[in-house]
Amino acid sequence: MVIQWLIMKRSWIECYQIDMVDMMSTTVTISKLNEHVGETVTLAGWLYNSRIGSKVAFLIVRDGTGLCQGVVTKEEVEPEVFADAVHLTQESSVRVTGLVHADERAVGGYELHVTGLEPVHSAVEYPITLKAHGHDFLFKHRHLWLRSRRPTAIMKIRHTVIDAVRRFFNDNGFVLVDTPIFAPSAGEGAQTLFSVDYFGEPMYLAQTGQLYLESAAMAYGKVYCFGPTFRAEKSKTRRHLTEFWMVEPEIAYADLDDVMAVAEDFVYTIAQRVLAEHRADLEFLGQDVAVLERIRKPFYRLTYSQAVDILHGPQARELLEKDLAEKNARIEELKQSIPAKEQERDRPGVKKYRQEQLAAEVITEREELADLQEQVKNIPTHMELAAGFEWGKDLGGSDETIISRLHDRPVFVTHYPRGCKAFYMKQDPHDSRLVKNFDLLAPDGYGEIIGGSQREDDLDVLLERMAEEGLATEPYEWYLDLRRYGSVPHGGFGLGIERTVAWLCGLRHIRETIAYPRLMGKVYP
RNA sequence: UCCCCGAUAGCUCAAUUGGUAGAGCGAGCGGCUGUUAACCGCUAGGUUGCAGGUUCGAGUCCUGCUCGGGGAGCCA
């Protein structure tokens with residue numbers, strides 16, 4: 001009883017304190033500080049960093065909308081306030097009250113001349129410091145790392161990308177139809193699906209909603225689905241996740257060109273939104289905004305056969321040779337500069353801060369060196385793969401990289417051989433070896449961000465194609481019905497959200513584009 | 001599934017041909033400053049991923065394993 005009473009009393013006191021603060025000033029977000037210059041306001045956030053002096057304490061506070069520097073001047077505040085400021089640890093939660101000033105010296109352009117501090121919770125030894133960390137450590141602390149500036153910038157861009165995706169389809173007459181995640185049949189390539197026990201029956205996690213979406217397109221004309229998708233591929237590369245988000249539109253009465261026109265407009269629109277709303281975030285991430293500004297309609301269009309010719313031709317070879325030469329030159333440069341910097345670092349009499357600066361540069365350059373050496377090692381393989389590419393195979397990752405790097409805008413590659421593509425794609429009436437499909441390759445080696453096609457709408461051709469693939473028709477009877485009751489030309493595509501975000505942000509690895517990446521052998525946290 | 005690379009203090013990294021494991025950050029204390037990953041001084045901090053082997057002596061060489069990174073295949 002007594003304890004309960006104490007808890008009640010304590011929480012009452014805390015409420016009372018909050019009320020006191022509220023009475024004195026309104027709580028605002030850092031993003032809205034520009035509307036409150038000259039007013040006393042309260043920020044509710046966490047301590048990002050502090051620089052403590054004998055007369056002035058600088059508190060960098062973050063609240064999820066931005067960073068703001070609070071200035072605590074010893075002479076101007078109550079002694080307890082200054083003492084609280086000195087003892088606040090990194091990532092402690094805190095309410096800060098003060099007068100808003102515009103100040104170019106401060107991060108974000110505004111700062112708070114602090115009059116009151118209300119520590120809410122004191123954090124103990126926050127593991128993520130403002131110094132360098134390795135990605136392994138950071139991903140083990142992903143639940144905390146999300147608070148840092150880099151993940152914040154990426155998550156906000158991802159948010160905008162997803163909003164742009166939904167708005168594009170909603171504004172253009174598409175109906176959202178959610179497709180099931182439990183999929184009864186393995187469909188294409190059972191080995192790449194995760195299986196689950198469904199009340200004793202084998203089931204799979206969906207890797208596409210497309211077949212279901214085709215039925216919805218026959219019902220509502222233009223439809224889309226957006227959700228997680230799962231691939232059990234044992235791929236450990238910077239382009240792969242086992243769980244990722246995909247948006248898939250499907251359009252009735254549309255041929256390949258119609259679908260591609262939508263895809264082109266769609267990607268262009270997304271890029272424009274990101275460019276319009278996230279210049280600062282992109283710059284913080286070190287992304288060259290010009291990369292996005294170059295995204296203009298029309299995108300390049302190549303057929304698969306033209307792409308193969310490029311791989312066999314002098315262009316691809318020259319690109320890789322030039323690449324190899326440039327990377328080797330940079331490697332030589334680094335091999336000189338690293339020991340030079342180490343020497344300077346270890347020379348007696350060098351200031352400590354300079355030592356640290358040099359040590360940091362050495363680490364960065366060593367990483368760059370290792371990365372380049374690895375890339376250089378792979379280039380001959382990529383050259384061989386390109387030169388020896390056989391017509392009929394699917395384009396590999398390195399082949400796509402070559403094609404995309406030879407273009408400064410996204411590239412459509414169309415009309416692949418039907419043997420390397422799924423059974424539902426429409427045969428090209430002009431060349432039965434080909435299907436009416438397309439992949440959209442993002443520039444700079446970010447790979448295929450879209451795969452799409454016109455679908456086979458002729459029942460007999462579809463049945464023939466399924467037999468060729470050794471697929472039983474029984475589980476697909478409902479799908480075949482769509483070709484029995486008012487079949488029309490139709491098609492659609494799927495866009496991978498994470499690859500798109502990685503490309504727009506210029507990220508080296510896709511795992512940074514999702515809050516909790518799921519990779520082969522990595523599921524914590 | 002195959003190929004290459006890696007694992008040293010809480011974190012980021014050093015450690016010459018095999019010869020007494022170090023620095024910075026972070027933590028604690030003190031100083032100083034409209035500071036910008038602030039700075040300066042002091043203190044504490046280690047079974048070098050695990051198991052074997054070679055050697056007078058192994059962080060360093062060899063074998064196996066575990067975990068991680070990159071690439072091929074496959075894919076968004």
Side-chain angles (χ1 to χ4, degrees), chain A residues 48-60 67 69 71-73 89-90 103 105-107 111 124-141 148-149 188-189 191-192 207-208 229-248 342 345-346 351-360 362-364 366-367 370-371 373-375 377-379 381-382 384-385 393-398 400 420 422 439-442 446-452 493-503 508-511 519-522:
Chain A
Y48 187 74
N49 189 19
S50 65
R51 289 179 275 272
I52 306 297
S54 54
K55 294 172 190 160
V56 200
F58 297 97
L59 307 177
I60 315 290
L67 292 176
Q69 173 161 274
V71 185
V72 191
T73 310
T89 52
Q90 191 191 359
D103 194 316
R105 291 172 294 185
V107 60
E111 65 179 21
V124 220
E125 291 202 36
Y126 189 69
I128 301 174
T129 69
L130 294 169
K131 301 284 173 176
H133 292 284
H135 55 252
D136 195 35
F137 175 82
L138 289 169
F139 276 105
K140 276 181 181 146
H141 295 83
S148 299
R149 294 180 77 176
E188 22 161 355
Q191 70 283 358
T192 65
Q207 58 175 349
T208 169
T229 187
F230 307 90
R231 305 276 166 100
E233 289 148 6
K234 293 187 174 174
S235 301
K236 284 169 73 175
T237 81
R238 61 183 74 176
R239 296 190 304 277
H240 287 87
L241 296 168
T242 54
E243 178 183 314
F244 65 96
W245 286 68
M246 185 159 71
V247 59
E248 297 172 272
E342 282 177 326
R345 181 194 63 195
D346 298 336
K351 289 275 184 192
K352 267 207 173 146
Y353 78 92
R354 177 70 183 145
Q355 270 181 17
E356 198 196 322
Q357 190 186 358
L358 284 164
V362 166
I363 288 165
T364 314
R366 277 215 174 107
E367 271 170 12
D371 204 43
Q373 282 173 332
E374 180 136 345
Q375 286 178 34
K377 207 177 65 190
N378 286 327
I379 287 175
T381 315
H382 294 169
E384 264 176 56
L385 285 170
K393 289 194 313 177
D394 205 352
L395 295 176
S398 58
E400 289 179 350
C420 65
D439 283 352
L440 181 67
L441 308 182
Y446 283 95
E448 188 185 337
I449 56 168
I450 287 183
F493 61 86
L495 171 127
I497 293 294
E498 286 77 12
R499 283 192 184 174
T500 304
V501 173
W503 161 51
R508 221 178 128 262
H509 201 299
I510 194 171
R511 68 192 154 198
L519 298 129
M520 205 184 134
K522 213 172 207 180

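In the text below, chain A, chain B and the rest are named by the order of the sequence lines, each starting its count at 1. Just so it is clear, the structure is predicted and the values come from calculations on it, not from any experiment.
Base engagement by A/Glu111 is indicated by at least one non-hydrogen atom pair under 4.0 Å involving a base atom. In this structure, A/Ile510 reaches the bases: a heavy-atom distance under 4.0 Å links it to at least one base atom across the strands shown. Note on A/Ile60: nothing from the nucleic acid sits closer than 4.0 angstrom, heavy atoms only. Across all strands shown, A/Ile450 has heavy atoms under 4.0 Å from sugar-phosphate atoms exclusively, and none from any base. If you check every strand for non-hydrogen atoms under 4.0 Å, A/Asp439 touches nothing. A/Gln69 comes within 4.0 angstrom of a nucleotide base, judged by non-hydrogen atoms across all strands. Base contact: A/Ser54 has a heavy atom under 4.0 Å from a base atom.
Within 3.5 Å, a donor on the side chain of A/Arg499 pairs with an acceptor on the base of B/C75, or the reverse.
Between A/Arg51 and B/A38, a side-chain N or O to OP1/OP2 separation shorter than 4.0 Å is present.
What separates CZ of A/Phe137 from P of B/U8 is a distance of 13 Å, to the nearest Å. Atom C1' of nucleotide B/A76 and atom CG of A/Leu241 are separated by 9 Å, given to the nearest angstrom.
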>> Return a single string for nucleotides 67-73 of chain B, one symbol per nucleotide in 5' to 3' order, where B is base contact, S is sugar-phosphate-only contact and - is none, cutoff 4.0 angstrom on heavy atoms.
In response: -SSBBBB
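A distance cut-off of 5.5 Å between ring centres, combined with a plane angle under 30°, places A/Phe244 in a stacking arrangement with the base of B/A76.
Evaluation of the salt bridge (charged side-chain N to carboxylate O under 4.0 Å, His left out) rule for A/Lys55 yields no partner, not counting sequence neighbours.
Of the candidates B/G26, B/U12, B/G34, B/U12 carries the atom nearest the A/His133 side chain, counting heavy atoms from C-beta on.
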>> Reading 5' to 3' and counting Watson-Crick or G-U wobble pairs with both distances under 3.5 Å, write the dot-bracket notation for RNA chain B, | for bases paired outside the strand.
In response: (((((((..((((.....[..)))).(((((.......))))).....(((((..]....))))))))))))....
